[in-house]
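Only one structure is covered here, and it is reproduced in the block below.
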Amino acid sequence: MKIIIVGGVAGGATAAARLRRLNENAQIIIFERSGYISYANCGLPYYVGDVIKDKKELTLQTPDSFWERFRIDVRVRHEVTAIDPEKKTVTVHGLDSGKEYEETFDKLILSPGARPVVPNMSGIDLDKVFTLRTVEDTLKIRKFVDENHPKSAVIAGGGYIGIEMAENLRELGVDVTIVQRQDQLLSPLDGDMASFVHAKMRSKGVHLKFDSSVVGFQDFGNQVKTLIQDEDALVSDMVILAIGVTPDTALAKNAGLKLGIKGSIVVNEKMETSAPDIYAVGDAVQVRHYVTGTDSLISLAGPANKQGRIAADNICGVESTFPGSMGSSVIKIFDMTVATTGINEKTAAMDGIEIEKIVLSPASHASYYPGANAMVMKVICDKITHKLLGAQIVGYDGVDKRIDVLATAIHCKMSGPDLKELDLAYAPPYSSAKDPVNMAGFMFENLFSGIVKQFYYEDIPALRDSGNVTLLDTRTPEEYSEGHAEGFISIPLDELRERIEEIPVGKPIYVMCQSGLRSYIACRILTQNGFDCYNFSGGYSFYSSRMNDEILAKETYPCGMIKN
């Protein structure tokens, strides 16, 4: 059996290795357009920032190492330019030799990946405007940084690559401005959770410019001018385009394969395309979202690796299926960690899913053990079935551990209250006796059983204006004096029982504290004294983060602003 794989990196290289482990006699050829067959795509920004110092560390496998271990024929700098599904041939162009030839196949795996979105705008080809997707891109940026020592950079796009590039350039002392078309960074986060990311970026000197569209670039002496629609231009020493990726599927389209959303390749659960004996994996394929069941594009290394293995299994007669992806991800942002899994509140609203949500701010481990840091967790459930739908966490230590537990719980179709039953490891340096994931379960149990009722940030303006409710802050006088939500009166929790007569009878009461715990206790006291009580989800720290972010979003401090 002769198997050709188009593209390496996560999906293609994984498929090749799995094929060999299952079939020692198959002839396996990988064609890779770039000069690198298997590299650490997610590590590329860290080489630019000199965190990864040796470029050899980016290369996981070479053509020689693949041959020595697996006897797989890897041909880098070879581009497959056409597929003939009927004849079962591919046309190959040797980029260095210029030669063109055909190869036959019995089975074909497409792993072309995705390419950076490069819009058709003026100045896109300027030598100070870069994209980052391949090792070659990285080497080009690193060379520019080493030789020119830029003092300022504009990054167009606030997704994972944009943020990682901002961090790494900032660590090199570069003044960085992120220009983002949306009103937040990291679209997998809801706006309230993204506010913590914005605060971290601003604290590190990264300038954020939201609701702004880049429309072109111009040479400006030794610098480059970034043109922004209906706004002043930005002048910087370099520009990084990080406005997203799109499936690289021209080859599949020209071969007549069925395409899906955004031109992605449609595959079934066995990773088979619409053409017999042709499979596709990785960032170029349309997948089923594990939580919603909808068609999705999820460009992550984990799913790509799994898909490569599944395609290889099916080619070799091993029954294997891909159940879908829930988009679990984690990112380092300076000393902060941000992680998500499943869907967020915005996606649920777009899909018409009614949800319940909780926000909590537990410590990463036992608070009496040195080094404990708070994390902010937002977890959402289906309001009717109580099934877990997604989670977002922002914090420091222990974030990755909790998101992985929650991702596992979602995969196993657990409900929110089920989280309280998980038997999780505990020792003071690592967790608390009631782990943050267990705490989320307890909170959902209280919510769904009616023990507590909640209100949210978006409810406060209407409540404040109604005049028919009592807004109560149960923090200490010192905390209250340092900052409080407008309209909230102060009665500390520990004085509440003695001062309960100060609270008007017959009005609903909405209670806030720093994190949501003291206000929950206050609600239990008040409810059992006949009050209709609601607890603020997330506490004042959550409220103030969102409020401050809304204020600061209106201000920008970008590098080298000039008039268009």
Side-chain angles (χ1 to χ4, degrees), residues 192 355-363 366-368 374-381 383 386 388 415-422 431-460 462-464 466 468-480 483-485 487-544:
D192 46 18
I355 66 160
E356 286 287 3
K357 59 184 176 181
I358 59 166
V359 178
L360 60 158
S361 302
S367 57
Y368 60 82
M375 66 180 74
V376 181
M377 299 173 58
K378 181 177 183 178
V379 188
I380 69 172
C381 276
K383 190 170 186 174
H386 304 173
L388 282 163
S415 72
D418 286 341
L419 296 175
K420 74 183 191 299
E421 307 294 350
L422 294 176
S431 184
S432 300
K434 290 187 284 190
D435 187 86
V437 175
N438 295 138
M439 288 300 301
F442 296 140
M443 292 174 68
F444 274 123
E445 181 182 50
N446 287 341
L447 188 61
F448 290 130
S449 66
I451 289 175
V452 68
K453 294 184 288 186
Q454 296 188 138
F455 71 108
Y456 307 100
Y457 178 87
E458 57 268 25
D459 299 326
I460 290 179
L463 292 171
R464 191 184 290 128
S466 74
N468 194 38
V469 301
T470 299
L471 304 176
L472 175 63
D473 189 319
T474 58
R475 296 175 299 154
T476 65
E478 293 77 17
E479 289 173 305
Y480 184 84
H484 58 271
F488 281 71
I489 63 172
S490 174
I491 301 179
L493 172 63
D494 294 340
E495 301 174 15
L496 181 60
R497 290 181 178 89
E498 288 70 34
R499 296 176 60 183
I500 201 166
E501 71 280 355
E502 298 178 26
I503 301 173
V505 176
K507 290 184 178 181
I509 182 165
Y510 293 80
V511 191
M512 181 184 291
C513 72
Q514 190 67 19
S515 68
L517 176 58
R518 282 174 287 175
S519 54
Y520 163 64
I521 296 170
C523 276
R524 295 307 305 142
I525 295 170
L526 291 164
T527 298
Q528 293 176 79
N529 278 276
F531 290 89
D532 183 17
C533 194
Y534 296 80
N535 185 30
F536 181 68
S537 179
Y540 180 74
S541 60
F542 194 71
Y543 170 89
S544 61

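Positions are given from 1, in the same order as the sequence printed here.
- Considering only residues two or more places apart in sequence or on other chains, S544 meets the side chain to side chain donor-acceptor pair (under 3.5 Å) condition with none of them.
- Closest non-hydrogen pair, A440 versus V379, comes out as CB-CG2, 4.4 Å.
- Applying the ring-ring contact (aromatic ring centres under 6.0 Å, His included) test to F531 and every residue at least two apart in sequence or in another chain returns nothing.
- Partners of N438 under the side chain to side chain contact (heavy atoms under 4.5 Å, CB included) rule, at least two apart in sequence or in another chain, are L422, L424, D435, F442.
- The CG atom of D459 lies 8.5 Å from the CZ atom of F536; values are rounded to the nearest 0.5 Å.
- Put simply, CZ on F444 and OG on S415 are 9.0 Å apart, with the number rounded to the nearest 0.5 Å.
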Which donor-acceptor pairs under 3.5 Å do the side chains of residues 488-497 make with protein atoms, sequence neighbours left out?
unit_1: E495; atom_1: OE1; unit_2: R499; atom_2: NH1; d: 2.8

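- For C523, the side chain to side chain contact (heavy atoms under 4.5 Å, CB included) partners at least two apart in sequence or on another chain are V511, C533, N535.
- Taking SG of C381 as the start and CG of D418 as the end, the distance is 9.0 Å to the nearest 0.5 Å.
- Annotation for S519 and M512: closest pair CB-C, 3.7 Å, computed over non-hydrogen atoms.
- Qualifying ring-ring contact (aromatic ring centres under 6.0 Å, His included) partners for Y480, counting only residues two or more places apart in sequence or in other chains: H484.
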Under 3.5 Å, side-chain donor or acceptor atoms of residues 355-363 against the rest of the protein: list the pairs with distances, not counting sequence neighbours.
unit_1: K357; atom_1: NZ; unit_2: E345; atom_2: OE1; d: 3.1
unit_1: K357; atom_1: NZ; unit_2: E345; atom_2: OE2; d: 2.9
unit_1: K357; atom_1: NZ; unit_2: E458; atom_2: OE2; d: 3.0

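- For Y510, the ring-ring contact (aromatic ring centres under 6.0 Å, His included) partners two or more places apart in sequence, or in a different chain, are F455, Y534.
- For P504, the side chain to side chain contact (heavy atoms under 4.5 Å, CB included) test picks out T470, K507, with sequence neighbours left out.
- The salt bridge (charged side-chain N to carboxylate O under 4.0 Å, His left out) analysis of residues 517-539, with sequence neighbours excluded, yields the pairs K453-D532, E479-R518.
- Taking the six-membered ring where the residue is Trp, F448 and H386 present parallel rings, their angle staying beneath 30° rather than reaching 60°.
- Remark: Y456 pairs with no residue by the ring-ring contact (aromatic ring centres under 6.0 Å, His included) rule, at least two apart or across chains.
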Legend entry - Stepwise side-chain contact (heavy atoms from CB on, under 4.5 Å) test for I521 and T474: CA-CA 10 Å; I521 296 170; T474 58; over 6 Å; no

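- I509 CD1 to I503 CD1: the interatomic distance, rounded to the nearest 0.5 Å, is 4.0 Å.
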